[in-house]
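Count residues from 1 along the sequence. What you see is a predicted model, and the numbers here were worked out from it, not measured in a lab.
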Amino acid sequence: MNMHRNFNYGTDKLTTAKAIDIASGKIKGILGDEAGKKVRTSQQHVQRIVESNKTVYGINTGFGILANTKISEEDTITLQHKILQSHSVGVGDSIPSEIAKLMLITKVHALAQGYSGVRPETIERILWFIENDVIPVVPEKGSVGASGDLAPLAHLFLPLIGLGEVFFQGTRYKAQDALNKFSLKPIQLGPKEGLALINGTQFILSFAIKAVKRMHNCLEAADIIGGMSLEALTGTKAPFDERLHELRPFAGNKLVAQRLRLLLKDSAIMRSHVDCGRVQDPYSLRCMPQVHGASRNAWLHLKELTEIELNAVTDNPIIFSGDDTISGGNFHGQPLALPLDYTCFAAAEIGNIADRRCYLLLEGKWGLPMLLMKNVGLNSGFMLPQYTTAALTTENKTLCFPASADSIPTSLGQEDHVSMGSISARKLNKVLDNLEYILAIELLTACQAIEFRRPLKSSEILEFAHEHVRQFVSFAEEDRIFADDIEKIKNIIADFSFVEKVNEFAESKNIRLNESYSDFVI
């Protein structure tokens with residue numbers, strides 16, 4: 001990718017991939033002339049409101065239940081400073097710096113559309129934080145996901161006014177100390193700017209962006225690993241026949257069936273048992289298109305809604321002109337909270353079915369040794385890794401209670417229905433943490449099992465996947481500390497390299513696993 005490619009905040013369309021590329025430095029985000037002009041015009045509208053003494057929420061009034069409390073013109077600046085202080089009530093561990101950086105990026109894109117009344121200078125200072133990797137410290141808990149992600153966004157922007165903390169080059173600094181390193185002074189917020197900074201869904205959204213990429217990677221890995229387990233268990237590819245899935249044409253199901261057909265193509269293992277007499281495979285093998293596919297459909301829904309939110313204005317009030325402002329509810333997190341919860345179930349189900357395949361691989365059926373070792377008794381073999389998948393699968397089930405099903409009134413009842421989407425977003429990423437481990441254990445187990453089919457080989461793609469794993473973990477002749485193996489394999493799944501390497505190999509053989517399903521690609 002061209003390292004000098006620019007993204008124009010406020011005018012170009014932002015996608016999950018572009019947001020991640022901006023965060024990683026592959027694309028440079030800028031405030032172009034067109035967006036800068038719109039931002040300046042919007043700020044002038046706010047200034048006219050202040051000078052006219054017209055009452056507009058958040059510009060010359062208090063916030064939340066204090067919306068009817070008038071603020072004098074001379075106090076409007078102080079009001080914006082105080083809102084960042086008063087709303088900085090987050091608790092718990094700090095969120096990953098990558099998520100905090102995505103929050104900065106997505107907030108700039110929303111502000112740059114010119115409906116928030118902030119100054120271009122304020123946006124440029126936020127861009128400075130992004131470009132110099134001076135990333136605010138944001139506690140993970142405290143948002144109820146309505147009236148925006150108030151607490152995390154307040155912490156995110158404290159460093160603008162010299163307060164709070166930041167991470168810079170791996171060290172945690174007081175924000176003022178970090179600014180001093182660069183000979184910068186804190187900025188003074190203008191009318192409405194504090195409110196514009198903290199109203200929005202950027203905490204929920206940034207976790208959603210990360211989840212979209214992580215979930216996609218897990219779905220891609222699950223098909224590959226599931227195919228390897230099926231080969232090790234001498235399962236049949238008949239349930240992946242295209243004709244079958246045209247009779248029930250869910251897009252995700254059809255894609256998974258196509259991927260499995262291609263992943264298993266020309267397998268000698270598959271040919272070796274064509275006439276074995278087995279009538280049906282267990283559901284965790286036979287129904288991969290239906291189960292993996294349903295999770296892909298859920299993922300696609302989240303991706304589509306996330307990309308709508310990426311290009312939305314979620315501030316309040318919205319400034320159309322000096323005479324036309326609307327105090328509405330674009331900050332409410334419900335549009336993302338529901339699909340985040342739904343995707344949480346979808347991710348947990350991928351782990352659930354993967355655990356079932358791990359169990360099947362250990363049973364000692366269909367020519368495999370029990371527990372995948374020849375000398376069991378003295379050795380426990382792969383018995384205990386499946387304990388871990390069972391534990392993680394159950395933990396994921398406990399995380400599936402939908403946070404968005406609950407609402408607790410806040411702001412003395414002014415904010416009487418909230419989304420809890422921030423919890424939905426964090427919870428999904430916890431489920432994905434566990435899922436990466438579950439898939440790693442299935443991959444480790446499938447690689448062990450498939451070697452008992454030698455000298456028969458699987459397809460070119462699955463043999464490549466097996467050889468790639470063997471660069472990190474060897475065949476186990478006897479017991480060892482499998483936690484070390486699990487961690488190594490989890491790392492190549494979590495850093496996306498396992499899927500990327502397999503996809504690159506497939507492309508080198510002119511096999512496009514996702515051909516005709518571009519919606520399912522990031």
Side-chain angles (χ1 to χ4, degrees), residues 215-265 267 269-270 273 278-300 343 345-363 365-366 368 386 389 393 396 432 435-436 438-447 449-450 453 458-459 461-462 465-466 493 498-499 502-503 506 511 513-517 520:
M215 176 75 166
H216 182 261
N217 176 66
C218 286
L219 289 165
E220 297 274 292
D223 295 343
I224 298 164
I225 299 166
M228 295 173 76
S229 293
L230 181 133
E231 284 281 74
L233 289 160
T234 59
T236 176
K237 64 180 179 179
F240 315 140
D241 190 298
E242 183 176 8
R243 295 169 299 168
L244 181 69
H245 295 281
E246 287 299 334
L247 297 176
R248 196 188 189 203
F250 290 107
N253 303 31
K254 290 169 63 178
L255 170 58
V256 173
Q258 170 182 286
R259 286 171 57 81
L260 288 166
R261 289 194 302 272
L262 292 171
L263 287 166
L264 297 164
K265 187 178 180 183
S267 163
I269 295 175
M270 188 69 63
H273 59 87
R278 256 166 63 191
V279 178
Q280 290 184 336
D281 291 329
Y283 286 1
S284 60
L285 301 178
R286 193 190 342 157
C287 299
M288 279 190 280
Q290 290 79 8
V291 179
H292 292 195
S295 292
R296 280 187 179 264
N297 292 331
W299 171 86
L300 181 60
T343 308
F345 316 150
E349 279 303 297
I350 294 296
N352 204 339
I353 196 170
D355 167 71
R356 292 295 80 219
R357 291 191 293 263
C358 289
Y359 190 95
L360 288 176
L361 288 162
L362 304 181
E363 287 185 309
K365 293 181 178 179
W366 303 313
L368 293 176
Q386 193 268 327
T389 65
T393 298
N396 278 352
L432 291 170
L435 176 56
E436 287 166 352
I438 294 169
L439 290 173
I441 292 170
E442 185 190 356
L443 180 54
L444 186 68
T445 308
C447 284
I450 213 164
R453 299 301 176 191
S458 183
S459 68
I461 297 175
L462 295 185
H466 180 270
I493 290 176
F498 173 72
V499 168
V502 172
N503 285 342
I511 299 172
L513 295 173
N514 296 332
E515 190 167 25
S516 302
Y517 292 91
F520 288 88

Checklist entry - Are Glu231 and Lys237 ion-paired here, with the side-chain N under 4.0 Å from a carboxylate O? => result no

Item to check | Validation row: Leu462, His466 side chains within 4.5 angstrom (heavy atoms) | outcome: no

Next on the checklist: I'd like to know if the side chain of Ser459 reaches the main chain of Leu263, judged simply by a donor and an acceptor atom lying under 3.5 Å from each other, with no hydrogens or angles considered.
Outcome noted: yes

Checklist entry - With under 30° as parallel and over 60° as perpendicular, where do the rings of Trp299 and Phe520 fit, or are they tilted in between? => result parallel

Checklist entry - Step by step, would you call Ser229 with Glu442 a side chain to side chain donor-acceptor pair (under 3.5 Å)? => result CA-CA 8 Å; Ser229 293; Glu442 185 190 356; 2.7 Å; yes

Item to check | Minimal non-hydrogen separation, Pro239 against Pro289, with atom names | outcome: O-CG, 4.5 Å

Checklist entry - Rounded to the nearest 0.5 Å, what separation is found between the CG atom of Leu260 and the CG atom of Leu255? => result 9.5 Å

Checklist entry - Is the count of non-hydrogen atoms from other residues, nucleotides or ligands lying under 6.0 Å from Arg248 atom CZ greater than 12? => result no

Next on the checklist: Between Arg278 and Thr236 (side chain of the first, backbone of the second, donor and acceptor by atom type, cut-off under 3.5 Å), is there such a pair?
Outcome noted: no

Next on the checklist: Pair Phe240, Leu230 - check side chain to side chain contact (heavy atoms under 4.5 Å, CB included), show working.
Outcome noted: CA-CA 12 Å; Phe240 315 140; Leu230 181 133; 3.8 Å; yes

Checklist entry - Does the side chain of Arg296 come within less than 4.5 Å of Asp223's, by heavy atoms? => result yes

Item to check | Minimal non-hydrogen separation, Ala465 against Ile224, with atom names | outcome: CB-CG2, 4.2 Å

Checklist entry - Looking at CG of Asn503 and CG of Asn514, how far apart are the two atoms once the value is rounded to the nearest 0.5 Å? => result 7.0 Å

Next on the checklist: If you compare all heavy atoms of His292 against all heavy atoms of Ala222, which two are closest, and at what distance to 0.1 Å?
Outcome noted: CE1-O, 3.4 Å

Checklist entry - For the atom pair SG (Cys358) and CD1 (Ile438), what is the distance rounded to the nearest 0.5 Å? => result 8.5 Å

Checklist entry - Got Arg453 and Leu368 here, is their nearest side-chain heavy-atom distance under 4.5 Å? => result yes

Next on the checklist: Looking at Tyr517, I'd like to know if its OH atom is crowded, meaning that more than 12 non-hydrogen atoms belonging to other residues, nucleotides or ligands lie closer than 6.0 Å.
Outcome noted: yes

Checklist entry - How long is the span from the CG atom in Leu439 to the CG atom in Asp355, to the nearest 0.5 Å? => result 11.0 Å

Checklist entry - Do the side chain of Ser267 and the main chain of Ser458 share a donor and acceptor less than 3.5 angstrom apart? => result no

Checklist entry - Is the backbone N or O of Phe250 less than 3.5 Å from a side-chain atom of His245, with the two atoms forming a donor-acceptor pair by type? => result no

Next on the checklist: In the structure I gave you, are the side-chain heavy atoms of Asn253 and Asn297 within less than 4.5 Å of one another anywhere?
Outcome noted: yes

Next on the checklist: So which atom in Thr343 and which in Ala298 form the shortest heavy-atom distance, rounded to 0.1 Å?
Outcome noted: OG1-O, 3.7 Å

Next on the checklist: Donor-acceptor pair, distance only, cut-off 3.5 Å: does the side chain of Asn217 make one with the backbone of Ile493?
Outcome noted: yes

Checklist outcome for this item: Rounded to the nearest 0.5 angstrom, the CG-CG distance for Leu233 and Leu360 is 6.0 Å

Checklist entry - Between the main-chain N or O of Gln258 and the side-chain N or O of Glu242, is there a donor-acceptor pair closer than 3.5 Å? => result no

Next on the checklist: Any non-hydrogen side-chain atom of Ile461 less than 4.5 Å from a side-chain atom of Ile511?
Outcome noted: yes

Next on the checklist: Assess whether a salt bridge exists between Lys254 and Glu246, defined as any Lys/Arg side-chain N lying under 4.0 Å from an Asp/Glu carboxylate O.
Outcome noted: yes

Item to check | Validation row: Ile269, Ile450 side chains within 4.5 angstrom (heavy atoms) | outcome: yes

Next on the checklist: Can you give me the closest heavy-atom contact between Asn396 and Ala348, atom names plus distance?
Outcome noted: CB-CB, 4.1 Å

Checklist entry - Would you say the side chain of Ile441 lies within less than 4.5 Å of the side chain of Gln386, judging by non-hydrogen atoms? => result no

Checklist entry - How long is the span from the CG atom in Leu513 to the CZ atom in Arg261, to the nearest 0.5 Å? => result 11.5 Å

Item to check | Where Leu361 and Ala449 come nearest, the two heavy atoms and their spacing | outcome: CD2-CB, 3.8 Å

Item to check | Derivation of the side chain to side chain contact (heavy atoms under 4.5 Å, CB included) call for Thr445 and Arg357 | outcome: CA-CA 9 Å; Thr445 308; Arg357 291 191 293 263; over 6 Å; no

